[in-house]
**Student:** 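I have a structure here, written as structure tokens, and I will follow up with some questions on it.
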Amino acid sequence: MTQLLFLVVFVEAFVAFLLMVKIGPLRELVMNCLDQVKMRKGTVLTIAGTMSVILFSNWISIVKIQNKGAKIGTMTPMDQVLWRTHLLEASLMGFSLYLGFLIDRMHHHLRKLINLRKNGGSSKQEMEKLTKEKSELQENEKKAKEEITRLQKEISNLTANLQKIKFESKEKDQQIETAEAHVTSLQKQSADLLLEYDRLLEENQLLQAKALGYRG
């Protein structure tokens with residue numbers, strides 16, 4: 001029993017050492033083995049419970065031997081051997097349980113650290129992607145601003161041309177109105193001239209008629 005407990009303690013100490021110190025691929029191998037062991041959680045708990053019961057039983061035996069020695073004033077050689085044996089086994093089992101708990105916590109935190117590093121790598125890639133997208137957006141924004149500035153300049157030029165065209169159109173409208181007024185005036189003068197022409201023509205005819213009458 002003692003030799004087995006020593007072997008268990010040495011194995012657990014070696015496993016803890018491999019978890020603390022990274023030696024090639026050994027740490028990853030130990031981590032994978034512990035993952036497989038944790039998948040059989042019921043078996044592990046059963047072993048730990050059994051060792052705890054044996055540990056408790058050894059402590060009871062130690063207490064009984066001490067009480068027996070206290071009653072008679074001294075312990076017999078056999079009781080001393082049993083007391084030391086139970087104490088050694090109890091110490092080894094307690095240390096073994098402590099190492100098991102320590103290995104479990106180390107495995108848990110190392111696995112968590114590995115996942116965090118993986119997530120950190122993913123986050124770094126995501127950050128680089130976002131930075132690249134931000135640079136592209138800034139470049140596109142710069143181009144958009146330049147395009148907006150160019151369009152605003154074109155709009156200003158078109159607005160100026162439109163104002164010029166409106167002004168020229170207004171001048172032409174005024175010229176057309178002036179021309180129409182002039183045409184109306186000329187039409188009125190033409191009508192007056194036609195009337196005067198008709199009047200003169202009538203007078204001429206009358207004069208011709210009178211002249212013919214005198215000749216006759």
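Reckoned from all heavy atoms, side chains included, excluding hydrogens, waters and symmetry mates.
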**Student:** Can R199 and E203 be counted as an ion pair, charged N to O under 4.0 angstrom?
**Tutor:** yes
**Student:** Could you walk me through whether K132 and E128 pass the salt bridge (Lys or Arg N to Asp or Glu O under 4.0 Å) check?
**Tutor:** CA-CA 6 Å; K132 185 178 180 181; E128 291 177 352; over 6 Å; no
**Student:** Out of E136, K134, K142, which residue meets the side-chain contact (heavy atoms from CB on, under 4.5 Å) rule with Q138?
**Tutor:** K134
**Student:** In this structure, which one of K164, E171, Q163, K170 forms a side-chain contact (heavy atoms from CB on, under 4.5 Å) with F167?
**Tutor:** E171
**Student:** Apply the side-chain contact (heavy atoms from CB on, under 4.5 Å) test between L34 and each candidate in I103, L110, D104; give the one that qualifies.
**Tutor:** I103
**Student:** Would you call Q175 and T178 a side-chain contact if the rule is heavy atoms closer than 4.5 Å?
**Tutor:** no
**Student:** Are any non-hydrogen side-chain atoms of H109 and L113 less than 4.5 angstrom apart?
**Tutor:** no
**Student:** Could you tell me whether the side chain of T85 and the main chain of V81 form a donor-acceptor pair under 3.5 Å?
**Tutor:** yes
**Student:** Could you check whether E139 pairs with K143 (Lys NZ or Arg NE/NH1/NH2 to Asp/Glu carboxylate O, under 4.0 Å)?
**Tutor:** yes
**Student:** Closest approach of L97 and S52, non-hydrogen atoms and distance?
**Tutor:** CD1-OG, 3.8 Å
**Student:** Around M78, counting heavy atoms of other residues, nucleotides and ligands shown, do more than 12 lie under 6.0 Å from its CE?
**Tutor:** no
**Student:** Which atoms form the tightest heavy-atom contact between R111 and N32, and what is the distance?
**Tutor:** NH2-OD1, 4.1 Å
**Student:** Is it true that a side-chain atom of S169 and a backbone atom of I165 form a donor plus acceptor pair closer than 3.5 Å?
**Tutor:** no
**Student:** On a heavy-atom basis, which atom in A90 and which in I62 lie closest, and how many Å separate them?
**Tutor:** CB-CD1, 4.4 Å
**Student:** Quick one: does any side-chain atom of N204 pair with a main-chain N or O of L200 as donor and acceptor, under 3.5 Å?
**Tutor:** no
**Student:** Find out whether L130 and E133 are in side-chain contact, i.e. whether some heavy atom of one side chain is under 4.5 Å from a heavy atom of the other.
**Tutor:** yes
**Student:** Tell me, do W59 and L87 make a side-chain contact under 4.5 Å, heavy atoms counted?
**Tutor:** yes
**Student:** Does N161 use its side chain to pair, donor to acceptor, with the backbone of N157 at less than 3.5 Å?
**Tutor:** yes
**Student:** Could you walk me through whether K112 and N115 satisfy the side chain to side chain contact (heavy atoms under 4.5 Å, CB included) test, starting with their C-alpha distance in whole Å, then the side-chain angles of each, then the deciding distance to 0.1 Å, before giving a yes or no?
**Tutor:** CA-CA 5 Å; K112 193 173 182 180; N115 293 331; 5.5 Å; no
**Student:** Taking the side chain from S135 and the backbone from T131, do they hold a donor-acceptor pair closer than 3.5 Å?
**Tutor:** yes
**Student:** Can you see which heavy atom on V9 is nearest to which on L92, and at what distance?
**Tutor:** CG2-O, 3.7 Å
